[in-house]
Each structure stands twice: as C-alpha cells, then as structure tokens.
Amino acid sequence: MQVDYILGSNPMNMSYMVGYGERFPQKIHHRASSMPSLDKHHDHIGCKGGTPYYLSDSPNPNLLIGAIVGGPDINDSYVDSRALFVHSEPTTTTLSEGTLNHDYRDALTKSILFFEGQRSGPLPASQRMTWRKDSALYDGHDIGVDLVGGYYDAGDNVKFNFPMAFTTTVLAWGVIEFGAVMGPDLVHTTEAIRWATDYLLKATSVPNTVYVQVGNPYKDHNCWERPEDMDTPRTPFAVDKNKPGSEVSGEIAAALAASSIVFKFSDPAYSQKLLERAKEDELLWGASWLQKATGSSRYMNYVMKNMGLFESRKTSSLNDWYGEFGWDNKMGGVAVLRSIELHDETFIQKADQFMCNVLPDSPTRSVNYSRGGLMFKPVGSNMQNPTAISFLLVIYSRYLKATYRTVQCGFGVTATADRLEMLAKQQVDYILGSNPMGMSYMVGYGPNFPKKIHHRASSLPSVVTQPARLECQGGKQFFYSKGPNPNLLVGAVVGGPYINDSYPDSRVPFTQSEPTTYINAPLVGVLAHFTSYTKKPN
C-alpha cells in the first residue's frame, strides 16, 4: 500500500519517484538536477549564480531518475516547488524511512515523564520514575531559607533557576495553547509545572531577594555521583539590590505569571498567589506574561516603552536576535506572544521577521540546517533550538490561519501557516527518528535511541539496586563504561547530533548526549499539537 502510494496510487495521481509514470515532480529541490550540467554550461557558476535557476518556474533541466522526494503534506497535496524542500527534496534515506507519521501521543507522554527524573527534593508517592529517590533535602537550610525542591536542569546536580524558570514558562504556555488536546497527559504536565512553581515561590520568599541557584557548579561537575548521594557544597546564590540580576528575576516573573493562568480555574487561590508574587518583578518577558495574566495596560505600556531599549542593547544583529528563542533570548517569544494577544503591528512585524529568519530558503535566514534538515544555532546543546523554534512556529501558524495571513520574506519566499507547521513537523520527525542515523533522540522512543546519555542519575546504579553510597569520584567507572546506562530516563531528549548528522552514543561529548529540561519543555507543546497526526492502527 505504501509503495503503491509513492508510485502514483494517491489522491494526486502522482508518482513521487522522478522518472516513474507519466506524472512526477519536475522541480525538485536538488542543486545538480536544477542547474545546467557541465555538458551544457561550461562556465563556472558561483555561490549565488544558481539563484535564478532555483527561483525558475521551469522544470529541472536534468532528470534525477529514481529520486523519491519528501512527498505530500498531511492532506495528500503536493506543490511542485523547489522552495518547499521538506516536500520536494530527495534523500538517500527516503526509502528506508518511509512516509508514516510518528506516534506523537506516545512521544508526548514520554516527554512529560522525563521531568519526574529531574526532580529534586522529597519525591511524592505518585512518582512514576521509581529508580529516582529523595535528594537535596536540606537545600537552603544553612542560610535559614527553605530551597528544597525544583529541578536539576540537566545531567548534573545543580539547580539553575534561570533555565528552570524558562522551562516552567514554556510548559505553562504549552498548556495554555495545547492543553485541550493533551488528554490524560494534561494532569502530569500541570504536576510538572507545579513542582517548579512551588520551588520558585520559595526562591522569591525573602523580600527584595531572589535565589537564583543552589549548588556549586565547579565542585559538582568535578564529581560523578547520584543526586541521592550528593556531598558537594549546596551553596545558595542570590541577587538583590547590591548584586542585581534583572534577567533571571524577569524570567521567574514570567514563569509565575504564565503558570497562574494554568491554575486559574483548577486552583484559584494558588493562581492568585503566583500572580501576586510575579508582580514584584517586571522586565520585557515577565511584563508580557503579566499583561496576559492580568489584562492590565500597565504591563503593555512597559513592553512598548522598553522594546526599543532592549533592541539597542543587542550584542548581535537584529536578524540573529529575531531568529532565536531560548532561556537566554526571549525576543522571538515576546514578539509572538504580543502578536497573538494584541494584534499590534509593531510586534506582528517582529514575529513575521522571526519566521522569515528561520525558513531555510529565506533571504534573511539566520538559522543553519544540517544536510538531514535539523536546525542548528551556535549554542552548546543544539537540540534546544529546533524544539523551542518549532514551538513558536506552530503557535504562529495557528495565528496566521486564524487571521488569514501569509508572510512575504522576499525573493518569492512566502511563510504560510501550513509551511510553518510542516517545518516544525519536520524538526519533530527528525528528533523522533526520521534522520540519516535512523535514530530517535528521545530516550525510550522507538527501537534505536541513545543508551549512554550524559546524566549522573541515569548512568549510575540506582539506590534501589545498590544502596551503598557512591562518593564523588566513585562513579567515574560508570561514566567511562562502554555499557548502556542502567536506568532509563524515559522521554529525555539529548543535545543531538553534530551538524553532519552523526551522533556518537557516548557520555563524553556532553553537548551531544546530555538532556536538559529546556529542550523538553517546548517539545511538550509541539507534540501535543501534532497528536492529531498520529496514525491510528488499522
């Protein structure tokens, strides 16, 4: 059935193999096929010299016989265009990967379960990842403040509140946008949010002080030990009027404000508590969420007044700035959130710019792509880029559909709602296994996934199977072990492959093999959106 579909038995009556049948793709996304061959054009064609051929409406001059393109969209429609590379580009892996959608519902369930493996503090009776046990039960007690709880953000045992707050904000935003389609996973997602907000309330409980970190990263990173065995310093770090840290304060405000919306009806008293605490800090990102949570024009005025000031302080080009979204750059998120909330032209232009900056064929593109199609930006853990950017893509795609808009990016490139959605889907599919390695980068999803992730708790024997204490250096033998991690951190998405699409399953290159909460958080919302694409069994 699948092969027959590819060869022409489909609603388009089109073969997706070049040269097979009477009707097949004529304008495939392929440089050699689309440009004159050396037999016809002897002169050198420079880097940009091929652009007229790329933009041409004519069929490719060279027939790449046997090539199977990316194929139609979910509605079985196919636009014969080089610009839509997700659909018109052939690859050597197409035949082995097939055309079926992934089980996004299963991936969603697992992506949320991951957060239980990152919990710090006393674990509840409902804990499903049972190889993890209580840890860091006295955080903050040395200074008389209760800082127990929260999340370890990655494969170490330090609590960094900046990425933790971003994780919380995006999880909450995901529930606000996609909670209605999360099904039974909604309960676990709100539990994950509350685990963070309970801790963030503690971190902001002292007037005029915000605790931003617990644990000494240098000491911690020198050890390879279970969180249950930690004996490294659990030093609390704080910002206040003498040691300011407005960015992390604003992120915590955003997390509390966004989460207040999540709990507005299920727990109004808790929601109000989160909102009141959030009002103590503003900043651009925090103020954007406070405006959404309260409806107050005060916060909108703050955002409008300070947007230009924030842009003037940029350390890179605005083109780069509006092509990123993550715990250390919220500008894309601010633009998208304000556009869909206020329909303000200033923010719509910036959100439009963001979308154009990530499209692979856009003249303003600021994101790199691997040959296999994965987004790349110059950061340590790359997978945070495709998950976070895809999150904004699907949200803005919904906005474009609702407002019947398209975005013109120049040189004939148009960002439509369907195109943004399909680009996000391509990123998710790559993560789940549709890539040159044929490997899922989510632990526990699919038959082939990372077995030796850079994660202390996962790589060391659980206290359930080995109760004896493991000292600071006692875990090094497990770090260097060639065997798989003994504890499966289900749902963890690792840093991902190199830009050449290769992945060494090893704990040593941590930028590739370490999972983080801020990789998973935006993916939760994206997977929820795509659950409607999951193929039902016949």
Side-chain angles (χ1 to χ4, degrees), residues 115-116 118-124 135-137 139-141 143-154 158-176 189-215 234-240 244-264 266-283 285-290 292-294 326-328 330 333 516-518 520-522 524:
F115 289 95
E116 294 190 16
Q118 298 302 109
R119 284 172 169 170
S120 178
L123 303 183
S135 62
L137 299 179
D139 281 358
H141 286 201
I143 59 169
V145 179
D146 180 5
L147 295 175
V148 175
Y151 290 110
Y152 306 116
D153 77 314
V158 182
K159 294 190 298 198
F160 296 102
N161 293 6
F162 201 171
M164 191 195 306
F166 173 77
T167 293
T168 310
T169 306
V170 178
L171 278 176
W173 196 357
V175 168
I176 293 166
T189 308
T190 55
E191 287 173 349
I193 294 168
R194 190 160 190 153
W195 192 270
T197 52
D198 282 351
Y199 168 78
L200 293 175
L201 286 173
K202 295 178 180 181
T204 54
S205 61
V206 177
N208 303 314
T209 300
V210 176
Y211 289 94
V212 298
Q213 180 179 315
V214 179
R234 301 299 293 169
T235 310
F237 295 84
V239 296
D240 54 30
S246 55
E247 293 87 352
V248 65
S249 301
E251 185 62 74
I252 292 175
L256 297 175
S259 300
S260 76
I261 301 173
V262 171
F263 296 105
K264 185 174 182 179
S266 61
D267 193 339
Y270 187 69
S271 171
Q272 189 62 31
K273 184 177 182 179
L274 296 175
L275 188 56
E276 290 304 316
R277 188 66 58 83
K279 290 177 181 178
E280 297 174 9
D281 289 289
E282 292 183 0
L283 294 185
W285 182 232
S288 295
W289 277 105
L290 281 164
K292 181 173 175 61
T294 66
W327 64 267
D328 59 347
K330 316 302 185 315
T516 72
T517 59
Y518 47 87
N520 270 58
V524 168

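Below, each value reflects all heavy atoms present in this structure, side chains not excepted, and no hydrogens, waters or symmetry copies. Since we're looking at a predicted model, the values are computed, not measured.
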query = Just wondering, are more than 12 heavy atoms of other shown residues or ligands nearer than 6.0 Å to NZ in K264?
reply = no

request  = Test side chain to side chain contact (heavy atoms under 4.5 Å, CB included) on H141 and L147 and set out the steps.
outcome  = CA-CA 8 Å; H141 286 201; L147 295 175; over 6 Å; no

task = Side-chain contact test, heavy atoms from C-beta onward, threshold under 4.5 Å: evaluate it for V145 versus V206 and give yes or no.
result = yes

request  = Name all residues meeting the ring pair (Phe, Tyr, Trp, His ring centres under 6.0 Å) criterion together with F115; count only those two or more places apart in sequence or in a different chain, and write none if there are none.
outcome  = Y151

message = To check you understand the geometry: which heavy-atom pair defines the closest contact between A136 and D139, and what is its length?
response = CB-OD2, 3.4 Å

request  = Please name the pair of heavy atoms, one in G121 and one in L137, separated by the smallest distance, quoted to 0.1 Å.
outcome  = C-CD2, 3.7 Å

ask   = Roughly how far, to the nearest 0.5 Å, is the CD1 atom of I193 from the CG atom of L200?
value = 11.5 Å

Pair Y270, D198: side-chain N/O donor-acceptor within cut-off below 3.5 Å = yes

remark   = Looking only at heavy atoms, the pair that brings A257 and A293 closest together is O-CB, 3.8 Å

ask   = Is a donor on one side and an acceptor on the other found under 3.5 Å between the side chain of N161 and the backbone of Y211?
value = yes

query = Given side chains that start at C-beta, do those of V148 and P122 come closer than 4.5 Å, heavy atoms only?
reply = yes

task = Give the C-alpha distance, both sets of side-chain angles, the deciding distance and a yes or no for side chain to side chain contact (heavy atoms under 4.5 Å, CB included) between F162 and V212.
result = CA-CA 7 Å; F162 201 171; V212 298; over 6 Å; no

query = What heavy-atom pair brings G215 and Q213 nearest, and what distance separates the two atoms?
reply = O-NE2, 3.0 Å

ask   = Between E276 and L256, is any pair of side-chain heavy atoms under 4.5 Å apart?
value = no

message = Can a side-chain donor-acceptor contact be found between T169 and E251 if the only test is distance below 3.5 angstrom?
response = yes

remark   = Residues V170 and P522: closest non-hydrogen pair is CG1-CA, 3.4 Å

key: Polar contact flag, side-chain donor to acceptor under 3.5 angstrom, Y518-T167   = no

request  = Could you tell me whether a side-chain N or O of R277 sits under 3.5 Å from a main-chain N or O of T204, the two making a donor and an acceptor?
outcome  = yes

key: Atom pair CZ (F160) and OG1 (T516), whose distance is rounded to the nearest 0.5 Å   = 12.0 Å

Carboxylate-amine/guanidinium proximity below 4.0 Å for D153 and K159 = no

ask   = Can you tell if the side chain of V210 reaches within under 4.5 Å of the side chain of D240, non-hydrogen atoms only?
value = no

message = I'd like to know whether T517 forms a side chain to side chain contact (heavy atoms under 4.5 Å, CB included) with L171, so could you lay out the CA-CA distance, the side-chain angles of the two residues, the decisive distance to 0.1 Å, and finally the verdict.
response = CA-CA 10 Å; T517 59; L171 278 176; over 6 Å; no

request  = Considering non-hydrogen atoms only, spot the tightest contact between K292 and I261 and give its length.
outcome  = CG-CD1, 3.8 Å

request  = Output the distance between atom OG1 (T197) and atom CE (M164), rounded to the nearest 0.5 Å.
outcome  = 11.0 Å

ask   = How many angstroms lie between atom CG of L275 and atom OG of S260, to the nearest 0.5 angstrom?
value = 4.5 Å

ask   = Any ion pair linking R194 and E191 (charged N to carboxylate O, less than 4.0 Å)?
value = no

task = To the nearest 0.5 angstrom, please state how far the CH2 atom of W289 sits from the OG1 atom of T294.
result = 12.5 Å

query = In Å, rounded to the nearest 0.5 Å, how long is the span from NZ of K273 to CG of D267?
reply = 10.0 Å

key: Whether W195 side chain and G150 backbone form a donor-acceptor pair below 3.5 Å   = yes

request  = Run the numbers on T168 and W173 for side chain to side chain contact (heavy atoms under 4.5 Å, CB included), then give the verdict.
outcome  = CA-CA 9 Å; T168 310; W173 196 357; over 6 Å; no

